[in-house]
Amino acid sequence: MTDDEADGESESDRELHPDDDPYVLQGRQPHPFWAESVAEQILERVADDSDRDPDDPIVIKGGISPSGVPHLGNMNEIVRGYFVAEALRERGREVRQVFTADDRDPLRKLPRKLADLDGNVVDLGDVNAGALGRNLGKPYTDIPDPFGCCDSYGDHFSNLIERSAELLGIPVEMVSNTELYESGEFEDVTRYLLENRERAREVLSHYQDKVDEEYVPFNPVCEECGKITETVTAVNLGEDGTESGEATVEYVCTDMEAGDQTIEGCGHEGTATLREGKLPWRFEWPAQWQVLDHEPFGKDHAEGSWPSGADVARNVLEIEPPHPMAYEWFTLDGEPFSSSEGHVIMVQDALELLEPETLRYFFTKDPSKARDFSIEHLDQLVDEFDRFERIYYDQQEADETDETIAEAAYPPVVRPAVAARFDEDGDPVADPDPESVPVVDAIRRAQANELVDGRFRDRVRLPYTFAAVLGMTDDPDLREEIARRECHLPSEAPEWTVEFALARVRRAREWARRTGNEFDYELKRTEMPDVDLDPETEAALDELADFVEEGRDPDEIQGEIYETAKRHDLDIGEFFGVGYRLFFDDDEGPKLGPFLAKLDREFVLARLRREG
RNA sequence: GGGCCGGUAGCUCAGUCCGGGAGAGCGUCUGACUCUUAAUCAGACGGUCGCGUGUUCAAAUCGCGUCCGGCCCGCCA
């Protein structure tokens with residue numbers, strides 16, 4: 001039966017097929033941009049496949065179980081595939097990008113944080129934890145949505161993932177595993193695995209010690225309590241004279257180990273069809289590979305389920321596994337993402353701080369290196385993106401590698417943003433909503449490309465930290481004036497680019513506010529901050545007020561601040577400090593003279609005279 | 001315990017495959033812009049390339065060992 005045990009084969013004896021090494025970016029690469037390299041690797045494999053029509057679309061997949069808050073790390077499953085897809089499309093290939101929601105997986109433990117459809121994170125306690133707790137062990141799609149807005153828990157979080165992809169303008173076909181089971185699409189492969197369960201067992205036993213003769217690669221859903229069960233007592237494939245002819249399994253609803261917890265079974269003994277259950281993950285994953293060319297996956301899979309899945313695919317299902325790519329994980333401010341501790345950031349959150357193109361840019365970096373998404377240093381990421389963009393437009397010196405990367409990676413990064421910002425006639429749209437639009441058909445794509453290399457070249461990016469400083473005032477005209485004065489807005493800038501440039505202020509301001517960093521200026525308009533002033537300083541302030549009252553221009557006021565300080569024998573730096581204290585309750589601030597000149601006179605005079 | 005990935009300037013990273021000059025941006029400091037702070041320009045400071053060892057005329061790069069971080073090797077996904 002299990003003669004493999006006799007030959008003592010162990011996992012290390014099980015050689016990985018040369019095509020199945022998931023570290024595909026090791027060693028010499030044909031292109032400095034990783035997605036181009038992966039695309040070429042895929043094309044090589046597709047070309048080697050003789051019974052494949054070169055006109056067939058290439059299929060790229062990603063997938064996770066919709067178990068909770070989908071964070072930026074989870075988005076690797078979609079965004080990494082997107083860049084490969086785009087590289088292939090650039091080579092004239094049709095590509096389908098698919099995302100499987102592994103939503104028949106059982107809920108194994110209660111997450112501590114959930115998120116509503118708008119991406120607001122809430123504590124478990126706020127959404128009736130008790131009701132959720134009764135559903136441990138059930139498939140996500142059989143659990144009521146704690147927010148009551150979707151058909152199930154699984155649907156809720158699948159929707160959230162789908163929404164994240166939409167916000168990034170990435171076209172993905174969402175596929176529900178539960179639907180694949182219920183519609184019968186998984187029935188043939190399930191039946192095949194049950195028919196060949198000895199082979200399945202033999203292969204998997206190289207990877208999992210627990211696999212013994214009793215092992216059946218199918219977990220029915222208990223008809224009594226609704227939980228996924230693990231104990232199949234008989235398999236009836238319906239060939240040997242059953243009345244219905246339908247394949248079934250018999251099971252006992254036993255306890256399930258989930259980490260250090262046990263989810264109790266109800267003891268029910270029943271019968272299930274092949275649509276009323278699920279394949280164990282190590283088979284379910286390869287079962288999804290029937291028609292598939294590429295799949296990126298996290299490093300957690302690279303040494304575990306990927307090698308066994310590839311083996312199952314080749315030696316049980318007799319199909320070729322997709323071209324793999326293992327990616328390293330992201331950290332958030334130096335710490336691992338943790339849904340349960342609420343240490344997460346979703347696309348929705350990130351887009352409050354960054355333009356979508358900048359967020360897409362983050363995913364163009366080498367997937368084989370772990371990367372930190374640092375809120376604190378977000379200005380660095382934005383600066384880097386701005387540089388990357390200038391390199392594409394030849395507005396910035398760079399070495400050949402950076403130029404080659406920008407040339408390949410910039411169009412897919414920016415195309416969804418450009419598609420959102422210009423209408424079908426190629427005219428700019430003010431304040432586009434959404435900000436990213438998937439570019440699918442060839443005509444729209446050509447048009448978007450034309451805009452990227454045409455009108456969009458005029459775009460203006462305010463430096464992120466400068467944009468944060470502009471956030472100190474809510475007055476759009478004042479923002480624009482300051483930006484112009486500091487030469488961040490060229491005088492001949494087209495109308496749309498001004499609005500475009502200033503749109504960054506909202507996000508940069510939010511970043512400064514959230515981190516409370518040195519760019520977090522806020523004009524204290526309603527209340528005067530506490531100041532402790534000596535008489536000399538008070539006299540100086542009064543003089544300055546009189547000067548301002550005469551209606552001087554910005555530079556004169558700036559100069560007068562110096563002169564006033566000198567006249568009263570005050571340290572210039574300290575006198576500026578007093579100004580920042582009075583207006584911002586801070587040690588630092590914008591260039592004071594021009595700023596005071598632009599504010600309404602009444603307020604400035606009253607504040608300089610400490611009248612409120 | 002075994003395997004895999006990563007560990008290069010304060011920060012973010014490129015360079016490691018095919019050995020020969022240690023790099024970029026940001027930050028910091030200094031100076032300029034006739035007057036600090038967010039702009040721009042010029043310059044400077046800054047790294048025993050985790051550590052050790054071997055091979056080599058020559059090692060961030062190749063071998064071996066070791067330390068740190070993460071992942072996998074039970075279950076689950």
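Computed from a predicted model, the values in this text were never measured in an experiment. The chains referred to below are lettered A, B, ... by the order of the sequence lines, with proteins before strands, and numbering in each begins at 1.
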### Task
Check whether the side chain of A:Tyr562 and the base of B:rU36 form a donor-acceptor pair under 3.5 Å.
no
The side chain of [X] is closest to which nucleotide in this list: [options]?
X: A:Phe466; options: B:rA38, B:rA77, B:rC11; value: B:rA38
X: A:Ser65; options: B:rU36, B:rA77, B:rU12; value: B:rA77
X: A:His488; options: B:rC26, B:rA39, B:rA24; value: B:rA39
X: A:Arg282; options: B:rC35, B:rU37, B:rC73; value: B:rC73
X: A:Asp372; options: B:rC11, B:rU12, B:rA14; value: B:rU12
X: A:Gln208; options: B:rU37, B:rC75, B:rU36; value: B:rC75
X: A:Asp105; options: B:rA77, B:rU36, B:rC26; value: B:rA77
X: A:Pro106; options: B:rC26, B:rA77, B:rA38; value: B:rA77

### Task
Could you pick out which residue, A:Asp300 or A:Gln29, lies toward the 5' side of RNA chain B when each is mapped onto its nearest nucleotide?
A:Gln29
In whole Å, what separates the [atom1] atom of [N] from that of [M]?
N: B:rC49; M: B:rC62; atom1: P; answer: 15 Å
N: B:rA59; M: B:rG19; atom1: C1'; answer: 6 Å
N: B:rA58; M: B:rA39; atom1: C1'; answer: 46 Å
N: B:rU36; M: B:rG31; atom1: C1'; answer: 13 Å
N: B:rA38; M: B:rG27; atom1: C1'; answer: 14 Å
N: B:rC33; M: B:rU40; atom1: C1'; answer: 8 Å
N: B:rC5; M: B:rG23; atom1: C1'; answer: 24 Å
N: B:rC51; M: B:rG7; atom1: P; answer: 13 Å

Please name the nucleotide paired to [N] by Watson-Crick or G-U wobble geometry with both distances under 3.5 Å, or report none.
N: B:rG31; value: B:rC41
N: B:rG1; value: B:rC73
N: B:rC49; value: none
N: B:rC11; value: B:rG25
N: B:rC62; value: B:rG54
N: B:rG6; value: B:rC68
N: B:rU36; value: none

### Query
So, do A:Tyr140 and A:Phe157 have ring centers that fall under 6.0 Å from each other?
no
### A:Trp281-A:Trp306 aromatic ring centre distance below 6.0 Å
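Not under 6.0 Å, so no.
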### Query
Where do A:Val460 and A:Val498 land on the side-chain contact (heavy atoms from CB on, under 4.5 Å) test, with the steps shown first?
CA-CA 7 Å; A:Val460 175; A:Val498 174; over 6 Å; no
Produce the list of close N/O pairs, under 3.5 Å, pairing protein atoms with atoms of nucleotides 1-8 of chain B; give distances to one decimal.
from	atom 1	to	atom 2	distance (Å)
B:rC4	O2'	A:Tyr23	OH	2.2
B:rC4	O2'	A:Glu303	OE2	2.9
B:rC5	O2'	A:Glu328	OE2	2.7
B:rG6	OP1	A:Gln26	NE2	3.3
B:rG7	OP1	A:Lys369	NZ	3.1

### Query
Rounded to whole angstrom units, what separation is found between the CZ atom of A:Arg104 and the C1' atom of B:rA77?
16 Å
### Query
Would you call A:Lys299-A:Glu328 a salt bridge at under 4.0 Å N-O?
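Judged by the 4.0 Å cut-off on N to carboxylate O distance, A:Lys299 and A:Glu328 do form a salt bridge.
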### Task
State plainly whether the residues A:Arg581 and A:Asp585 are in salt-bridge range, i.e. N to O under 4.0 Å.
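Yes, charged N to carboxylate O under 4.0 Å.
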### Of A:Asn74, A:Val69, A:Ile345, the residue whose pairing with A:Phe337 passes side-chain contact (heavy atoms from CB on, under 4.5 Å)
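Filter result, single survivor: A:Ile345.
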### Message
Under 4.0 Å from OP1 or OP2 of B:rC13: is there any side-chain N or O of A:Arg371 that close?
### Response
yes
## Note on the structure
Checking A:Phe385, A:Phe330, A:Phe373 against A:Phe363 for ring pair (Phe, Tyr, Trp, His ring centres under 6.0 Å), the one that qualifies is A:Phe330
### Task
Quick one: sort the A:Phe297 and A:His301 rings into parallel, tilted or perpendicular, breaks at 30° and 60°.
perpendicular
### Query
Checking A:Arg80 against A:Trp34: charged group under 6.0 Å from the ring centre and within 45 degrees of the axis?
yes
